[in-house]
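Reading through the structure tokens given below for one structure.
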There are 2 protein chains.
Amino acid sequence: MKARLTTGTLLDRESYPDGRKEALKLWVVLARCFNSFAQNEAHHLKAFDLTPPQFGVLETLAHLGPMKMCEIGMKLLMSGANVTGVVDRLEKKGLVRRALEAEDRRMFRIHLTEEGGKLIAKFFPIHAGRIEAFTSVLTSKEKRVLTDLLKKLGRAQRHEAEPERVQA
Amino acid sequence: MKARLTTGTLLDRESYPDGRKEALKLWVVLARCFNSFAQNEAHHLKAFDLTPPQFGVLETLAHLGPMKMCEIGMKLLMSGANVTGVVDRLEKKGLVRRALEAEDRRMFRIHLTEEGGKLIAKFFPIHAGRIEAFTSVLTSKEKRVLTDLLKKLGRAQRHEAEPERVQA
DNA sequence: TATTGTTATACTCTATAACTATA
DNA sequence: TATAGTTATAGAGTATAACAATA
């Protein structure tokens, strides 16, 4: 196995300068961490007949209260047309409803229905429990350190990413 | 804004026990970190007419050498039918090719074509550079700490996730 | 019989652009 | 004119199941 590292491979990570190697390694473990848990969650969501974007909308509404379409899009990084599609599917299942706003008749406010509220109230604690279990290999202090470092990293990325998104 | 936190919201994160709150916070910042960078990268990939799964396949082949379809699937957590689809699209663009394996005629080994090799050799360093820039808000030591904590977390998740995937 | 990979099907997500209605 | 949201279109990913060929 070791012998193969330098044969037949077009890109050889070992040949990068240390700083770059370190950064790549960090990204690889971050992505793996996210993907394995997220895929697992997506699997659990299917038992509730939900997709990750649909769960994202329900969760956001449950935590922040009724929102406009465009607010949902901004919060979840979706384009307007995509929000329409996801909300359509949730509405068809009876989990959310569009309520006309008196002040400005161009917009709606999306509400959870009673059924949608029940669903998220049932699913979210289970989801949270899995997150708690998943992170339980870390001590409380490690979790705090990790959270702080990720916060720092995420802030940096958002500052770079936003101008790109605007001009695109 | 502060006043809204407890009104009209179905789920109130503040009311969770501390351990769960900590865990949820960690997951939120991890997901945000991953998503903002990954979305940004997906945007850059479009300039090369590639999607993230397609890039994943090219990158894997470039780093590990020619692979079987099922190996690609395992490495990238894709089902067999999905690998077929992604590889089909890459083959149509002339970036990879299926090479018949002498020993076992059921399987192929997927190779990068010269064009595919050139593409990934051009794109990957740019990608790596963006990762380096993105992580440059952290000191070298912070990166190491972060990497180690994520490794620990990822290992735990993989052990839980795999049995689930097998039985499904 | 088990494994490798494909085909068929159906659905969701996503981006983009053109469009309607309201402001 | 600008904004909120929809519609239309097209492509890509995904899951699932049924299938072919080979071992």
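Within every chain, numbering begins at 1; the chains are lettered A, B, ... in the order of the sequence lines, protein sequences first and strands thereafter.
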Report yes if at least one side-chain N or O of [X] is closer than 4.0 Å to OP1 or OP2 of [N]; otherwise report no.
| X | N | value |
| --- | --- | --- |
| K46(B) | dT16(C) | yes |
| T51(B) | dG11(D) | no |
| Q54(A) | dC13(C) | yes |

Atom [atom1] of [X] and atom [atom2] of [N]: how far apart are they, to the nearest Å?
| X | N | atom1 | atom2 | answer |
| --- | --- | --- | --- | --- |
| M69(B) | dA21(D) | CE | P | 17 Å |
| F108(B) | dA20(D) | CZ | P | 16 Å |
| D49(B) | dT14(C) | CG | P | 19 Å |

(message) Which residues pass the ring-ring contact (aromatic ring centres under 6.0 Å, His included) test with F48(A), not counting sequence neighbours?
(response)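 Here the qualifying residues are F123(A).
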
(message) Just to verify, what does F124(A) make a ring-ring contact (aromatic ring centres under 6.0 Å, His included) with, not counting sequence neighbours?
(response)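 Per chain and number, F124(A) pairs via ring-ring contact (aromatic ring centres under 6.0 Å, His included) with H63(A), H127(A).
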
(message) Quick test of your reading of the model: are K152(B) and E142(A) salt-bridged, counting only N-O distances below 4.0 Å?
(response)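 E142(A) and K152(B): salt-bridged.
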
(request) Name all residues meeting the salt bridge (Lys or Arg N to Asp or Glu O under 4.0 Å) criterion together with D88(A); count only those two or more places apart in sequence or in a different chain, and write none if there are none. (result)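 With neighbours one apart ignored, the set is R98(A).
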
Pairwise N/O distances under 3.5 Å, protein to nucleotides 19-23 of chain C:
from    : atom 1 : to      : atom 2 : distance (Å)
dT22(C) : O2     : R106(A) : NH1    : 3.4
dA23(C) : OP1    : R105(A) : N      : 3.0

(message) Taking side-chain hydrogen bond (donor to acceptor under 3.5 Å, both in side chains) as the cut-off, I'd like each qualifying pair that reaches into residues 17-26 of chain A, sequence neighbours left out, listed once.
(response)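 As it turns out, the side-chain hydrogen bond (donor to acceptor under 3.5 Å, both in side chains) pairs with a partner in residues 17-26 of chain A, which skip direct neighbours, are R20(A)-E132(B), E22(A)-S140(B).
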
(message) With rounding to the nearest 0.5 angstrom, report the CG to CG distance, L153(B) to L26(B).
(response)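 Separation between the atoms: 6.5 Å.
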
(message) Rounded to the nearest 0.5 Å, what separates atom CG in L24(B) from atom CD1 in I131(A)?
(response)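 One gets 5.0 Å once the value is rounded to the nearest 0.5 Å.
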
(message) Among residues 79-90 of chain A, which ones have heavy-atom contacts with DNA chain D below 4.0 Å?
(response)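 When residues 79-90 of chain A is checked for heavy atoms under 4.0 Å from DNA chain D, the hits, listed by number, are G80(A), A81(A), T84(A).
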
(message) Taking I126(A) as the starting point, is it possible to reach F37(A) by hopping between hydrophobic residues whose side chains are less than 4.5 Å apart?
(response)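 Yes, same cluster.
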
